[in-house]
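Within every chain, numbering begins at 1; the chains are lettered A, B, ... in the order of the sequence lines, protein sequences first and strands thereafter. Keep in mind that what you see is a predicted model, and the values were worked out from it rather than measured.
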There are 2 protein chains.
Amino acid sequence: MTIKYDKKEPLYEQLMDTIKVKIKNDYKADDKLPSEREIMRKYSVSRNTVRQALNELEILGLIYRQHGKGTFVANATDNPATLGNEHSFTKQMIALGRKPETKIMEYSVRPANKYFANKLNINEGDRIIKLKRLRSADKVPVMIDRTYLPFSKFEGLSAVELEVKHRSLYAVFAEDFGEEFRIADEALSAGRISDKDADVLQVAQGSPGLMLKRTTFNQQNEIIEFTLSSTRSDQYVYNIRYKNTKI
Amino acid sequence: MTIKYDKKEPLYEQLMDTIKVKIKNDYKADDKLPSEREIMRKYSVSRNTVRQALNELEILGLIYRQHGKGTFVANATDNPATLGNEHSFTKQMIALGRKPETKIMEYSVRPANKYFANKLNINEGDRIIKLKRLRSADKVPVMIDRTYLPFSKFEGLSAVELEVKHRSLYAVFAEDFGEEFRIADEALSAGRISDKDADVLQVAQGSPGLMLKRTTFNQQNEIIEFTLSSTRSDQYVYNIRYKNTKI
DNA sequence: AAGTGGTCTAGACCACAGT
DNA sequence: CTGTGGTCTAGACCACTTT
């Protein structure tokens, strides 16, 4: 792996990606990385560039540093991403050096029953779009999302945009439908993965899973999305960073 | 406010504090800060030093930058609720109309093993305080917290303060020890409640539970707390509200 | 003493936004 | 075009850890 000037990507990002791959393939937790000065010589970049790459990796929780001792690989299962407040599955997985994939298992339009009418704050019988997606990382199934959308707001939503063009749901909401989200409420709990989902996620029946419900509101405070997610507990950790804003 | 070389504090931290005060007193949300080059001249520091200070403020969520336009004051009330407010177990239960109770099951001082030394970023063998607490709501057991603190920072911590006087851990940290938290990283996952905890929480063995790890950093970025929580999935839901800042 | 990460300088050029 | 933040270099010295 070499670092090139002519690429569009900044040097420190190329360096980050290179180190990410090495962490994933060659190193294990608490292994020592080469010193900043060694990395600098090896890739012919300045020390500031090396430090910029390492700073980002530190923020992502992939490495930790000890003054006077060195830079070490963090335990990936303990502290995966801290990613600000990034709650996009795809971006989280990329940040962790894993290859995300999303497969649409179902795309249908149907009348809302009482439960979903209530969740989307529409009338029973109004049409809704149901989108069932399997999220994987490095070919390992991680999460099943069931997303329910009011048809009236997203008529013409194309599965192709999501699956083939790899656009995020929020990007399509904003760019194709002018629906910018203002608030997203998430509720996390633990439960047993249903037998049907367990087969898809390739875990034993009765396995525990992280369950997530999300309700998203647009700028006019209308509900634009209700999603139920079921997640393999051994493959996914939900990270949140709280900042004390009091100065 | 001036920046001085002779102080122990690095220049960029002095600059951070100076700008923090200005944000608090002189600016309001979305106000434009002076450009990096202006700040550089004003305080006679290099641009890298200015950028280091601004990077930290950006990570803290106090400012945001726009390429080509400038640096602006962020809205302080954004993104997830700060700890000590809605995410205090006690306040959350009160908000739900339930009567919270906390019982200290264990309070001990012991040498840190490798795992906890690593988690608290101290040396193996350094003393730590272990605090095990059972949280209940309306007499129903909900959560077991195991909190580990560096003894060097909290020598003299009294269990009485917590149990009898009903003060929160964060209140005691701040008021009795001058340790204000700056960042708290939480990792949520699902798992099976251990047999020992299942007895205490009065659930069947093997029941799923919401597992939480929290690492708290003080203003100097030192770790002041590491907590492991095990929660009854039928009694506790973790809620987060995301707000969209941009637009 | 030697090696590590942490801080700092004084430059330079690039990419983006507004005139 | 000017001014902004973003990236990058080639040095320097400091603070900490281990030998």
Side-chain angles (χ1 to χ4, degrees), chain A residues 2-19 30-59 62-74, chain B residues 2-19 27 30-59 62-74 117-118 121-126 152 217 219-223 246-247:
Chain A
T2 49
I3 309 290
K4 291 176 185 172
Y5 258 106
D6 55 327
K7 290 192 70 169
K8 273 199 311 189
E9 222 185 349
L11 297 187
Y12 78 92
E13 280 188 17
Q14 295 178 50
L15 190 51
M16 260 181 80
D17 292 338
T18 304
I19 296 173
D30 299 318
D31 278 358
K32 192 173 178 302
L33 292 181
S35 75
E36 296 177 354
R37 289 165 181 83
E38 280 180 68
I39 295 174
M40 172 184 121
R41 285 190 291 273
K42 180 166 180 186
Y43 295 102
S44 305
V45 294
S46 75
R47 192 159 157 235
N48 274 359
T49 301
V50 173
R51 284 183 61 77
Q52 197 171 356
L54 294 180
N55 283 342
E56 298 275 342
L57 292 172
E58 191 178 18
I59 289 171
L62 293 176
I63 60 166
Y64 60 93
R65 286 144 140 176
Q66 290 191 17
H67 198 164
K69 294 177 80 170
T71 302
F72 305 86
V73 175
Chain B
T2 50
I3 308 291
K4 292 177 184 171
Y5 257 106
D6 55 327
K7 290 192 70 169
K8 272 200 311 190
E9 220 185 352
L11 296 186
Y12 78 91
E13 279 187 18
Q14 295 178 50
L15 188 53
M16 258 181 80
D17 292 339
T18 304
I19 296 173
Y27 294 110
D30 300 318
D31 277 358
K32 190 172 180 301
L33 292 181
S35 75
E36 297 177 352
R37 289 166 181 82
E38 281 180 67
I39 296 174
M40 172 183 122
R41 284 189 292 271
K42 179 167 182 185
Y43 296 101
S44 303
V45 293
S46 75
R47 189 156 160 238
N48 273 0
T49 301
V50 174
R51 284 183 62 77
Q52 199 170 355
L54 294 180
N55 282 342
E56 298 274 342
L57 292 171
E58 191 179 17
I59 289 172
L62 292 175
I63 61 167
Y64 61 94
R65 287 145 140 175
Q66 290 191 18
H67 198 163
K69 294 178 78 171
T71 303
F72 306 86
V73 175
N118 184 19
N121 198 24
I122 58 178
N123 292 318
E124 207 175 328
D126 286 357
S152 60
F217 299 82
Q219 297 290 328
Q220 289 77 46
N221 251 338
E222 298 163 333
I223 297 171
K246 287 156 206 135
I247 294 168

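- In this entry the distance linking CE of B:Met16 with C1' of C:dC8 reads 17 Å, nearest Å.
- Candidate nucleotides C:dG6, D:dG6, D:dC8 were compared by shortest atom distance to the side chain of B:His67, and D:dG6 ranks first.
- Contact of B:Arg47 with C:dG11 (side chain to base): no donor-acceptor pair of N or O atoms is detected under 3.5 Å.
- Nearest nucleotide to the side chain of B:Pro10, out of C:dT7, D:dG5, D:dT9: C:dT7.
- With C:dT7, C:dG5, D:dG6 as the candidates, the nucleotide lying closest to the side chain of B:Gln52 is C:dT7.
- OP1 or OP2 of C:dG5 sits under 4.0 Å from a side-chain N or O of A:Thr71.
- Neither OP1 nor OP2 of C:dG11 sits under 4.0 Å from any side-chain N or O of B:Ser46.
- Residues A:Leu15 and A:Ile39 have side chains in contact (heavy-atom distance under 4.5 Å, counting atoms from C-beta outward).
- Minimum atom distance to the side chain of A:Ser35 is reached by C:dT4, of the listed C:dT4, D:dC8, C:dC8.
- Put simply, the side chain of A:Thr49 does not reach to within 4.5 Å of the side chain of A:Tyr43, judged on heavy atoms.
- Closest to the side chain of B:Arg37, from the set C:dG6, D:dT4, D:dC8, is D:dT4.
- Using a 4.0 Å heavy-atom criterion, one finds that A:Glu13 contacts no nucleic acid atom at all.
- For the OP1/OP2 pair of D:dG6 and a distance below 4.0 Å, the side-chain nitrogens and oxygens of B:Arg65 include at least one atom meeting the criterion.
- Side-chain proximity of B:Asn48 to C:dT4, C:dA10, C:dC8: nearest is C:dA10.
- Within a 6.0 Å radius of NZ in A:Lys32, more than 12 heavy atoms belonging to other residues, nucleotides or ligands are found.
- Closest-nucleotide positions on DNA chain C for B:Gly68 and A:Lys69 were compared, and the one nearer the 5' end corresponds to A:Lys69.
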